[in-house]
Amino acid sequence: MLNRLPEFVDPLTLVEKRRGFKGTLALANMKRLASLLVQPSGDASLEIEFGRDSAGQAIATGKVAAVVWIQCQRCLEPMEVNVDSEFTLAIVSSLTESRRLPENYDPLVVEQAPLLLSELVEDEILLALPAVGVHSEACPVVHSLDKDSQSQNVDSMYNAPESDEIVAECEKKQNPFAVLADLKEKLKH
Ligand SMILES: [Zn+2]
């Protein structure tokens with residue numbers, strides 16, 4: 001495994017050569033992801049290996065790890081999400097081909113090589129983020145209350161909805177994470 005990530009990869013060539021890479025990529029360069037983050041700094045780490053499974057299907061396996069900060073949908077303060085996801089991607093040339101894949105494989109549709117490696121990492125992180133992120137424990141107390149929103153904040157302090165309600169409410173509204181929900185939905189079909 002090479003300790004350096006190429007910017008672009010040609011998956012099918014790498015499958016034949018049984019190549020692997022590991023390294024880091026800056027989150028700030030992942031535009032779709034960066035727009036969802038409170039602070040798009042830091043790196044994502046990637047390990048990826050190309051090869052074939054026992055049935056001869058071209059695959060890429062590996063893991064993506066990153067610590068990202070998104071906005072809590074309940075208190076609107078930053079919250080940390082630890083992304084640590086393993087993937088097995090089946091390399092296919094079309095979505096039609098992807099329908100024949102075993103269930104545990106996600107398709108990596110390569111319509112034209114080369115593929116930007118950071119996009120693959122970006123997709124994996126986007127899929128690992130919660131559709132609606134809220135602090136898992138109690139939200140941190142915010143001391144600097146804005147004067148205009150003070151009454152509203154006090155009100156919500158005494159009448160804090162359950163996180164399930166927030167999630168349901170957020171899912172109804174258009175929110176930045178709706179794009180993730182859509183993406184997850186698409187990949188299921
Ligand atoms: Zn919160």
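Note that the structure is a prediction, hence the values are computed from the model and not measured. Remember, it's 1-based here, ligands and their atoms both numbered in the order they're listed.
By the salt bridge (Lys or Arg N to Asp or Glu O under 4.0 Å) test, Glu97 is found to be paired with no residue, residues two or more places apart in sequence or in another chain being considered.
Remark: Glu47 CD to Leu5 CG distance equals 10.0 Å, nearest 0.5 Å. The distance from the CD atom of Gln73 to the CE atom of Met79 is 9.0 Å, given to the nearest 0.5 Å.
Formation of a donor-acceptor pair under 3.5 Å by the Glu124 side chain with backbone atoms of Asp84 is not found in this model. Using a distance-only test at 3.5 Å, with no hydrogens or angles considered, no donor-acceptor pair links the side chain of Arg4 to the main chain of Gly23.
Less than 2.8 Å away from the Zn ion (ligand 1), the protein contributes these N/O/S atoms: Cys72 SG, Cys75 SG, His135 ND1, Cys139 SG.
Classification of Glu119 and Lys31 as a salt-bridged pair fails, no side-chain N sitting under 4.0 Å from a carboxylate O.
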